Amino acid sequence: MVLSEIVFAGIAILTVGSALMLFMLKKLIHAVVCITLAFIGAALMMLFLGQSLFALLLMLVFIGGISTYLVVAVATEEKKAVMINQKLFIGAVTVFTLTMAISILPQVAAPQTLPAQTGMADLLSQFIQGQYLILYLLVLLLFSTVIGGILVMRKFAKLLI
Amino acid sequence: MIPLFYFITVSVVMLAIGLAGIASDRHLIVIVLGVELILVASIISLVGFFTYSQPQNTDAIAMLLALFVVAAVEVIAVITFYVHMKSMNVDFDVTKLSRLKW
C-alpha cells in the first residue's frame, strides 16, 4: 500500500467517523462540529481528485458559510437533542450500506484510469503552492474565530450582564 | 493512484449514514445535518465520476454549482425557520410540529 492510499484511508476514516458521530453525540453543537469535520474530509478528497477549485468551493460554501451559520444558530441551544435509538440507527446504516453497495459498487469496481496526478508530492505542492492557500486559511480562521468568540462569550456572559 | 472505487465507497457509506440519520432522528437540526451529509456524498461521487470519465464536460460543473446553491439555501431556510420557531418556544420534535397545519 503506497503512502497516498494510507493518507486517503485516514481521510476516509475521518469523514465517515465524523458522519457517524454526528448522530451519536448528544449535544447539537457537537453534531455541528462533527459535520464540519466531515466537510473538511470531503474537501481533502477533492484535493485527492485534483479538483482544487471544488475543494475551495466546498471550504467556502460548506465550512465558511453553512457550518458557521449552524454554529451561530445552535450555540445558544441548551437542550440536548432528542436522542435516537442507537441500535436502530446502526441497523439502518448497515441495511442502507449493504443495499447500496450491492447495487452500485460492482458497476464501478472495474479499474479506471485517472488522467491527471495523485502522487503525494503533487498533492502537497498543490495544497501548499496553490493560489487558494490563503483562502483556505481565511476560511479556517473565520470558523475558528466564530467558535472561539462564542466560547468566550458563553464564559463571560454573566460578567458582561 | 487512488481508484474511483474508493471514492464511491466513501460516498455510499456517507449516503447510507445520512439516510439512516434522517430515518431515525426526530430533531429538526439533526435532520438538516443528515440532508447536508447526503448532499456532500452526492458531491463526492459526482466529482469522482466527472474527474475519471469526462473532465471536459461542463454539464457536471453546472450540476455541482447547483448542488452547492441548493445546500446553502436549504440550510439558510431551515435555520431561519428554526430560530423563528424557537422564539415561540416550540418543541423541535418534528413529529409534534402540529402548528404547520392549517
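Lettering follows sequence order; numbering is per chain, from 1. Just so it is clear, the model here is predicted, and its values are computed rather than measured.
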Quiz item: Of all residues at least two apart in sequence or in a different chain, which pass the ring-ring contact (aromatic ring centres under 6.0 Å, His included) check with A/F62?
Solution: A/F39, B/F68

Quiz item: Side chain, backbone, both or neither: which part of B/I17 has a heavy atom under 4.5 Å from chain A?
Solution: both

Quiz prompt | OG1-CG distance between B/T51 and A/L49, expressed to the nearest 0.5 angstrom | solution = 4.5 Å

Self-check item: Stepwise side-chain contact (heavy atoms from CB on, under 4.5 Å) check, B/L33 with A/L70
Solution: CA-CA 9 Å; B/L33 296 185; A/L70 282 168; 3.4 Å; yes

Exercise. Consider only side-chain heavy atoms of I, L, V, M, F, W and Y, link residues closer than 4.5 Å, and tell whether B/L37 and B/V69 are in one cluster.
Key: no

Quiz item: For the atom pair CZ (A/F8) and CZ (B/F7), what is the distance rounded to the nearest 0.5 Å?
Solution: 4.5 Å

Quiz prompt | Option in B/G34, B/A16, B/S11 with maximal non-hydrogen atom pairs under 4.5 Å from chain A | solution = B/A16

Quiz item: Can you list the residues that meet the side-chain hydrogen bond (donor to acceptor under 3.5 Å, both in side chains) rule with A/T15, with sequence neighbours excluded?
Solution: none

Quiz item: OH/B/Y6 to CE/A/M45 distance, rounded to the nearest 0.5 angstrom?
Solution: 12.5 Å

Quiz prompt | A/I90 portion near chain B, given a 4.5 angstrom heavy-atom threshold | solution = neither

Quiz prompt | A/I66 side, atom CD1; B/E36 side, atom CD - distance, nearest 0.5 Å | solution = 4.5 Å

Practice problem: Treat each ILVMFWY residue as a node, draw an edge where side-chain heavy atoms are under 4.5 Å apart, and state whether A/L58 and B/L65 are in one component. | Solution: yes

Quiz item: Between A/S4 and B/I2, which heavy-atom pair has the shortest distance, and what is it?
Solution: O-CD1, 3.8 Å

Self-check item: Linked, directly or transitively: A/L60 and B/I76 (ILVMFWY side chains, under 4.5 Å)
Solution: yes

Quiz prompt | A/F54 with B/V70, same ILVMFWY side-chain cluster at under 4.5 Å | solution = no

Self-check item: side chain to side chain contact (heavy atoms under 4.5 Å, CB included) partners of B/I38, counting only residues at least two apart
Solution: B/L15, B/L19, B/I22

Quiz prompt | Region of A/I35 that comes under 4.5 Å of a non-hydrogen atom in chain B | solution = side chain

Quiz item: Taking non-hydrogen atoms and a cut-off under 4.5 angstrom, which of residues 40-48 of chain B neighbour chain A?
Solution: B/V40, B/I43, B/I44, B/V47, B/G48

Quiz item: Mind checking whether A/V33 and B/V75 sit in one hydrophobic cluster, side chains of I, L, V, M, F, W, Y counted as touching below 4.5 Å?
Solution: no

Practice problem: Please state whether the side chain, the backbone, both or neither of A/V16 comes within less than 4.5 Å of a heavy atom of chain B. | Solution: both

